[in-house]
Protein chains: 2
Amino acid sequence: MKNRVTLKDLAKELKLSPSTISRAIGGHPAISDATKKRVKKKAEELGFTPNSIAASFRNKKTRSIGIIVPRIDIHFHSLVISGIEDFAYKNDYNVTIFQSKDSLKREKEITKILQTRMVDGIIGCLSIETENCDHFKKFNKLGVPLVFYDRVPTDFDANKIVINDFESAYTATKHLIKSGCKKIGHIAGSQKTSIFKARLEGYKAALKKYKIPLDESLIMYTKNLSYDEGVSSAKKYLNLPELPDGIFCANDYSAVSVIQVFRKANIKIPEQVAIVGFSNYPISRIIEPNLTTINDRAFQMGESSTKLLIRKIEDENDIIDSEIITLKTELIIRESSKLNA
Amino acid sequence: MKNRVTLKDLAKELKLSPSTISRAIGGHPAISDATKKRVKKKAEELGFTPNSIAASFRNKKTRSIGIIVPRIDIHFHSLVISGIEDFAYKNDYNVTIFQSKDSLKREKEITKILQTRMVDGIIGCLSIETENCDHFKKFNKLGVPLVFYDRVPTDFDANKIVINDFESAYTATKHLIKSGCKKIGHIAGSQKTSIFKARLEGYKAALKKYKIPLDESLIMYTKNLSYDEGVSSAKKYLNLPELPDGIFCANDYSAVSVIQVFRKANIKIPEQVAIVGFSNYPISRIIEPNLTTINDRAFQMGESSTKLLIRKIEDENDIIDSEIITLKTELIIRESSKLNA
DNA sequence: CTGAAAGCGCTTACAG
DNA sequence: CTGAAAGCGCTTACAG
């Protein structure tokens with residue numbers, strides 16, 4: 001039963017040539033409707049399924065997209081992947097997925113696997129360890145287009161889908177200022193990562209614009225913006241001579257932990273301290289008070305990456321070397337920062 | 001630049017036959033070390049990368065696994081996928097992913113795509129709409145092994161990785177009883193889905209075992225166990241003449257919503273009502289009080305599915321028709337049910 | 001409207 | 001230890 005029916009089998013059965021069968025199945029206009037009907041009927045009858053590997057081999061196209069993400073089980077990435085799969089599916093591409101586990105070594109291994117023609121294009125988010133992107137350069141020579149999202153290379157021109165982290169952070173901080181906060185803290189992510197650097201800069205820029213003096217003691221630097229780091233940052237705030245009246249956190253996890261620590265310390269949110277997060281994780285709608293945050297467009301990032309990638313794959317006359325697409329984010333105001341109401 | 005170097009090119013360059021090159025690259029024992037060294041050096045020099053599509057075509061093996069999940073962005077599934085990718089990667093398989101979006105129509109389409117030889121085996125979780133699994137039967141004839149996890153077919157014998165939902169629910173309910181609860185409610189999922197049916201049955205069995213009368217008014221039936229359905233179930237409890245003193249919820253979302261609604265109504269958890277969830281979602285460690293729940297082994301489910309699948313793919317003399325593997329779950333006791341302390 | 005032929009890049013049984 | 005040859009299943013330029 002493992003010997004599948006091929007075009008040749010159909011041809012023999014119908015006393016036609018494999019060429020004709022191939023064209024009939026593919027809906028070629030030169031083939032008569034009568035023949036098409038006969039072929040399709042017989043194909044159904046014999047349980048013919050085309051061998052897409054043979055077709056890929058012959059056509060030098062796999063209609064397959066490779067994804068490299070740090071981890072699938074991080075909600076942000078699973079949303080991006082979902083957007084990628086959705087858009088790819090609609091365009092008859094399929095999606096092969098690899099996790100770098102935030103390891104540069106593994107990321108390099110994956111690029112080696114991917115260069116064996118398995119995929120027509122690649123979407124990637126760099127591992128946290130990646131500073132030098134030389135291992136991605138081979139794809140240029142191989143004619144395999146590449147799109148990066150979120151954590152993108154800074155050392156070479158590449159197609160990138162990003163959000164404006166600086167501006168989003170600026171907007172978030174401005175929102176706190178407009179809500180009446182005068183002493184605003186920031187919980188920052190790793191300053192080795194450009195997006196967290198940009199969020200810190202956006203925060204600083206908003207303070208400057210509205211003439212609020214920058215107070216370094218109100219900025220808590222973390223490594224991974226983890227829930228636990230959020231807890232210890234919150235405790236540090238509690239040990240300050242005076243609390244801030246607003247905190248912009250570079251992600252939702254740290255924001256949630258601050259809310260919980262502060263509430264346990266009987267600090268009223270938002271009345272005493274207003275909190276804003278970043279990413280619009282599901283938990284931001286569940287935590288009490290609900291968290292004001294930035295919608296970072298994860299799903300759309302996946303869609304846009306794929307749209308751009310497919311264009312690069314299919315447009316042979318493309319003379320654009322690289323594109324950077326910046327998506328609009330959105331400030332979602334919820335209870336954790338509702339001071340004016 | 002797009003014309004890649006092939007074995008033939010290497011052969012010409014080194015005045016050897018393609019056969020020898022192939023064997024040298026593949027590390028065949030018959031080839032002399034000197035030749036191997038020469039070949040590998042030249043391969044490096046010319047930037048040879050093997051064409052894995054050609055190899056797949058020739059070998060009739062793709063070393064690729066297909067996954068069909070309802071949605072990638074549901075945390076449970078993203079964890080399973082992560083386990084699958086991890087195990088597959090270690091065994092030199094790659095993973096192609098499809099979302100059914102809980103649509104039977106799309107699930108059927110995906111099985112059609114998958115039958116074109118793209119993959120050596122398939123791991124799937126049925127869509128919520130799927131009652132009849134005939135569209136998976138073709139893979140038996142094609143010799144493509146299949147493993148299901150979580151939502152598995154009941155209408156035909158298949159390889160399945162599951163947890164013991166009945167027993168887990170029994171354990172959870174028993175825990176409430178042992179903690180002193182005498183009037184225990186249950187928030188149930190769709191009774192069309194076997195796992196939620198089993199959880200309800202496990203709950204009932206525990207009550208029976210410990211001679212607690214079953215009170216149907218304490219069982220809230222939901223469609224999707226969503227957060228919002230949890231909220232309305234909680235409100236229904238509040239409208240009862242007397243509250244239960246413990247509630248076993250068939251997932252964590254509904255449990256979290258119950259905690260929040262009850263706390264707003266000034267009901268003490270766990271003192272007045274103890275709560276147990278199911279799945280050990282990240283939120284269960286963040287909600288206050290922390291949620292007692294069942295670790296459903298999502299990551300391990302992915303690993304085990306893949307391990308079983310690869311065995312089925314590679315073991316040609318396998319005479320086992322189908323296997324069902326049940327993973328042990330774990331009750332994680334947290335504050336929401338700590339009554340004895 | 002249909003067919004014969006070539007070839008995509010690999011692997012492997014067979015021969016030496 | 002190495003090579004010549006065949007073939008995996010498709011597609012398409014060319015011919016009629």
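Below, chains carry the letters A, B, ... as their sequence lines are ordered, and counting in each starts from 1. Worth knowing before you read on, the calculation uses all heavy atoms, side chains too, and leaves out hydrogens, waters and symmetry mates.
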Is the shortest side-chain N to carboxylate O distance from [X] to [Y] below 4.0 Å?
X	Y	result
B:D9	B:K12	no
A:K137	A:D155	no
B:E85	A:R106	yes
A:K312	A:E323	yes
A:E314	A:R63	yes
A:E44	A:K40	no

Contact class for [X] vs. all strands (heavy atom < 4.0 Å): base, sugar-phosphate, or nothing?
X	result
A:I53	nothing
A:T6	sugar-phosphate
B:S56	nothing

Just how far, in rounded Å, is [atom2] of [N] from [atom1] of [X]?
X	N	atom1	atom2	result
A:K8	C:dG3	NZ	C1'	15 Å
B:I25	C:dT11	CD1	P	9 Å
A:K12	D:dG9	NZ	C1'	13 Å
A:M118	C:dG9	CE	C1'	17 Å
A:K61	D:dT11	NZ	P	15 Å
B:N51	C:dG7	CG	P	18 Å
A:D33	C:dC1	CG	P	8 Å
B:R117	D:dC8	CZ	P	11 Å

Name the closest nucleotide to the [X] side chain, picking from [options].
X	options	value
B:A55	D:dT2, C:dT11, D:dG3	C:dT11
A:L7	D:dC10, C:dC1, C:dG9	D:dC10
A:R58	C:dT2, C:dC8, C:dG9	C:dC8

Exercise. In chain order, what residues pass the side-chain contact (heavy atoms from CB on, under 4.5 Å) check against B:Y149, with sequence neighbours excluded?
Worked result: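 Listed in chain order: B:V69, B:F76, B:H77, B:V80, B:I123, B:C125, B:I161, B:M301, B:S305.
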
Exercise. In terms of the nearest nucleotide of DNA chain D, which residue is placed more toward the 5' end: A:T49 or B:L16?
Worked result: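 Between the two, 5'-proximity favours B:L16.
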
Exercise. Mapping B:N59 and B:P29 onto DNA chain D by nearest heavy atom, which one lands closer to the 5' end?
Worked result: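 Here B:P29 is the residue nearer the 5' end.
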
Exercise. Hey, is B:F57 stacking on D:dC8? Ring centres under 5.5 Å, planes under 30°.
Worked result: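 Whether judged by distance or by angle, B:F57 passes, so it stacks on the base of D:dC8.
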
Measuring to OP1 and OP2 of [N], would you say a side-chain N or O of [X] lies under 4.0 angstrom away?
X	N	result
A:S32	C:dC1	no
A:S52	D:dC10	no
A:K60	D:dT11	no

Exercise. Starting at the 5' end of DNA chain C and moving along, which residue's nearest nucleotide shows up first, B:T20 or B:A54?
Worked result: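 Comparing both residues, the 5'-ward one is B:A54.
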
Contacts under 3.5 Å, N or O only, protein and nucleotides 13-16 of chain C:
unit_1 : atom_1 : unit_2 : atom_2 : d
C:dA13 : N6     : B:R23  : NH1    : 3.1

Exercise. Would you say the side-chain atoms of B:D73 and A:S78 include a donor-acceptor pair closer than 3.5 Å?
Worked result: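 No, no side-chain donor-acceptor contact under 3.5 Å.
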
Problem set entry | Nearest-angstrom distance, P atom, D:dA15 to D:dT11 |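 Pairwise P distance, D:dA15 against D:dT11, rounds to 22 Å.
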
For this session: Considering only atom P, compute the distance from C:dA13 to C:dG9 and round it to an integer number of Å.
Result: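 Those two atoms are separated by 23 Å.
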
For this session: Determine which bases of DNA chain D form Watson-Crick or G-U wobble pairs with both distances under 3.5 Å, and write the result as a 5' to 3' dot-bracket string with | for other-strand partners.
Result: |||.||||||||.|||

Problem set entry | Taking every non-hydrogen atom, the tightest pair across B:P18 and B:K8 |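 Answer, listing the atom of B:P18 first, then B:K8: CG-CG, 4.4 Å.
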
Exercise. So how far is it from A:I110 CD1 to A:H135 NE2, rounded to the nearest 0.5 Å?
Worked result: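 Going from the CD1 atom of A:I110 to the NE2 atom of A:H135 covers 9.0 Å.
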
For this session: Begin with the C-alpha distance, continue with both residues' side-chain angles, and end with the deciding distance and a verdict on salt bridge (Lys or Arg N to Asp or Glu O under 4.0 Å) for A:D33 and A:K37.
Result: CA-CA 6 Å; A:D33 282 352; A:K37 209 175 276 176; over 6 Å; no

